[in-house]
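Protein chains get the first letters and strands the later ones, always in sequence-line order, with residue 1 at the start of each. All values derive from a computational prediction rather than experimental measurement.
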Amino acid sequence: MSEDDDNKLIAQRREKLTALREKGQAYPNDFRPADIARDLLDEHENRAKEYFESTEIPVSIAGRMLGKRVMGKASFAHVQDGSGKIQIFLQQGAVGDESYDEFKHLDVGDIIGVKGKLFQTNKGELTIKASSFRLLTKSLRPLPEKFHGLTDTEQRYRQRYVDLIINNEAREVFKTRVAIVKYIREFFNSRSYLEVETPMMQVIPGGATARPFVTHHNALDMDLFLRIAPELYLKRLVVGGFDRVFEINRNFRNEGLSTRHNPEFTMLEFYQAYADYNDFMNLTEELLREIAENVIGSTSIKSADGETTYDFSKPFARMTMAESIAQFNADIYADDLNNLEALRSIAERKGAKVQDNWGVGKLQTEVFEATVEHRLLDPTFITAYPAEVSPLARRNDKDPHVTDRFEFFVGGREIANGFSELNDSEDQAARFREQVAHLDAGDDEAMHYDADYVRALEFGLPPTAGEGIGIDRLVMMFTGAPSIRDVILFPHMRPEA
RNA sequence: GGGAGCGUAGCUCAAUUGGCAGAGCAACCGGCUUUUAACCGGUAGGUUGCGGGAUCGUUGCCCGCUGCUCCCA
């Protein structure tokens, strides 16, 4: 945007600011509110009107003035602070002629401090009857209209500060996000997990299959990659003896933008020694049900379009990938899922991607993603992912072609991915070599060979379960947000103009 | 990367077949001492996203660019 986009409205307010400067300090910082709106409302909202006539409750508050209503010699407005908003009432006789005249010339959006006492209006609203007020910060830019608010999605994302000032729902979504993250942190802390931080800049981008961002370290004159996952570092910590660790932090993936993809997003990953993927399905179920009950306040979660609800109260469904394909595709025979030729024609028929060098496991996964994933509405665990698409997961004892892995779905979207960790260093080395072959064949999402990680495994990773949960998608699900941009404060946008 | 739609006053939106670009809110002036989308009267506010083209004439038609939204890969 240009530096000079002033219009007449802004020019008028600049004139008011100039007048303020001439009178003294235009940006004072010596007002200290003793109260916040939410506490005043919680404590006094339900009192009888008469209570305030016999009991004087002196209060002071500071915040942004919204909804100014001047009616001759008396005025109402609301003051919004970080906790909420409360109404103020000014009478010319109470604040004085000069001060009242100043109030009449305040603009909606100005930040003020108010002192007074509580009372209840005839309409029953708890209100501060002002004895005095002060302009603390002049607002130069007009806010969006009070009734419709700011609806333009582009401006809501680019100027999130305006969105937060004016749209209560936006504020609530982000407060819910904070509450969910806080709940998760306490959930793991109370189970003796250590919260750790691992590198954002990695020499070898590992732990997931995705294209990384590249950056450059000048002093070392070498390229570094922004991490696509913390997984391999967290498991190194389990090798080091931290039996239970978790990290909530940013990942970066160099992919397209969509309603479900932001180039940087927040991931929860957690690892526990002497546990397996079944233990983690149980733990996940416990965590999500508790978030629904304690943060959202309901185990039936509304979909983004409001037309469906997802039930978190009953046990989450669990089935293998092969079972789920059979369940949603009456025309696919179970035996064909293990026959490369048959599977290839099924995949083509179902509109899934097919490449010549793909094996049974990859093709099964493509068919699953094309025909099953979007239909998994109520909370569902899908297990037994093919080893071919799970290079870091432990093979199943009975069927080495699949792994002890699950993904978790709600509303047709993947929320979590967990598995018993592959702690056989020789198998891991072989799987890395397989990935490198894909990499050499031109698959720029395939994994690199991480020799230090294999070395760590050679020291001995105890039997361990691990899992990642995408926090942004989790918050979308719990808040019914249609786009990931609604749950990220400052989502990535192309530059303006 | 491909397709469709959108971009008009600070905000929310109009503008008939291509014929003077308008309303509500916000702002400014005036009135009003319990309003809450306050109310009443008046005033002012525009490079119609950017650039080109066709036309006597464009917000509207054509081309290019740009940002956003949705769908697809």
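- Between B:C62 and B:A54, the two P atoms lie 15 Å apart (nearest whole Å).
- Nearest to the side chain of A:E154, among B:G67, B:C25, B:C70, sits B:G67.
- B:A44 and B:C28 are spaced 7 Å apart, taking the C1' atom of each and rounding to whole Å.
- Looking at A:D35, its side chain does come within 3.5 Å of a backbone N or O of A:S60 through a donor-acceptor pair.
- For B:G7 and B:G57, the P atoms lie 25 Å apart once the distance is rounded to whole Å.
- Taking the P atoms as reference points, B:C25 lies 31 Å from B:U69, given to the whole Å.
- If you take CD1 of A:I86 and C1' of B:U36, they are 14 Å apart, rounded to a whole angstrom.
- To the nearest whole angstrom, the two P atoms, one in B:U36 and one in B:A26, are 13 Å apart.
- Ring to ring, A:F419 and A:Y385 are not that close: their centroids are 6.0 angstrom or more apart.
- Comparing the same atom, P, in B:G18 and in B:C61 gives a spacing of 8 Å after rounding to whole Å.
- In this structure, A:D163 atom CG and B:C11 atom C1' are separated by 13 Å, rounded to whole Å.
- Pairing for B:G67 goes to B:C6, judged as Watson-Crick or G-U wobble with the two contacts each under 3.5 Å.
- Between B:C20 and B:A15, the two C1' atoms lie 12 Å apart (nearest whole Å).
- Taking atom CZ of residue A:R13 and atom P of nucleotide B:C11, one finds them 13 Å apart after rounding to whole Å.
- When the C1' atom of B:A9 is taken as reference, atom CD1 of A:I10 falls 13 Å away, rounded to whole Å.
- The shortest distance between the side-chain N/O atoms of A:R494 and the OP1/OP2 oxygens of B:C68 is below 4.0 Å.
- As the counterpart of B:U48, no nucleotide is assigned, since no Watson-Crick or G-U wobble pattern has both distances under 3.5 Å.
- Taking atom C1' on both B:G2 and B:G49, the two are 23 Å apart, rounded to the nearest angstrom.
- Contact annotation: A:K146 side-chain N/O to B:C11 OP1/OP2 distance is not under 4.0 Å.
- A centroid separation of less than 6.0 Å is found between the aromatic rings of A:F409 and A:F368.
- A:R134 contributes no side-chain N or O that, together with a main-chain N or O of A:K115, makes up a donor-acceptor pair within less than 3.5 Å.
- For A:L9, taking side-chain heavy atoms from C-beta onward, the closest of the listed nucleotides B:C28, B:U69, B:A26 is B:A26.
- A:R485 comes within 4.0 angstrom of sugar-phosphate atoms only, judged by non-hydrogen atoms across all strands, and of no base.
- Considering only side-chain N and O atoms, A:R158 lies under 4.0 angstrom from the phosphate OP1 or OP2 of B:C68.
- The aromatic rings of A:F103 and A:F133 stand perpendicular to each other, their planes meeting at an angle above 60°, with 30° marking the opposite boundary.
- In this entry the distance linking CD of A:E145 with P of B:A14 reads 14 Å, nearest Å.
- Partner of A:T176 under the side-chain contact (heavy atoms from CB on, under 4.5 Å) criterion, chosen from A:I296, A:I291, A:V475: A:I296.
- When the nearest nucleotides of RNA chain B are assigned to A:F147 and A:L257 by heavy-atom distance, the more 5′-ward of the two goes with A:F147.
- Set against B:C28, B:G45, B:C11, the side chain of A:Q155 has B:C11 as its closest nucleotide.
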Can you check nucleotides 31-35 of chain B for protein contacts, nitrogen or oxygen pairs under 3.5 Å, and list what you find?
unit_1	atom_1	unit_2	atom_2	d
B:C32	N3	A:G72	N	2.9
B:C32	N4	A:G72	N	3.3
B:U33	OP2	A:K73	N	3.2
B:U33	O2	A:Q91	NE2	2.9
B:U34	O2'	A:N122	ND2	2.6
B:U34	O2	A:N122	N	2.9
B:U35	OP2	A:K123	NZ	2.6
B:U35	O2	A:R69	NE	2.6
B:U35	O2	A:R69	NH2	3.0
B:U35	O2	A:Q87	OE1	3.3
B:U35	N3	A:Q87	OE1	2.8
B:U35	N3	A:Q87	NE2	3.2
B:U35	O4	A:Q87	NE2	2.7
B:U35	O4	A:T121	OG1	3.0

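- Nucleotide B:G41 forms a Watson-Crick or G-U wobble pair with B:C29, both donor-acceptor distances falling under 3.5 Å.
- When heavy atoms are screened at a 4.0 angstrom cut-off, A:S75 is found touching no nucleic acid atom at all.
- Ring-plane geometry between A:F252 and A:F213 is classed as perpendicular, the angle between the planes exceeding 60 degrees on a 0 to 90 degree scale with a lower cut at 30.
- Base pairing of B:C61: its partner is B:G53, meeting the Watson-Crick or G-U wobble criterion (both donor-acceptor distances under 3.5 Å).
- Note: OH (A:Y161) to P (B:C11) measures 12 Å, nearest angstrom.
- Looking only at side-chain heavy atoms (C-beta outward), A:I228 and A:N251 stay at 4.5 Å or farther from each other.
- Side chain of A:K8, nearest nucleotide from B:G45, B:A27, B:C11: B:G45.
- Atom CG of A:L106 is separated from atom P of B:A27 by 11 Å (rounded to the nearest Å).
- With ring centers used as reference points, A:F119 lies 6.0 Å or more from A:F52.
- In this structure, A:I166 atom CD1 and B:C11 atom C1' are separated by 9 Å, rounded to whole Å.
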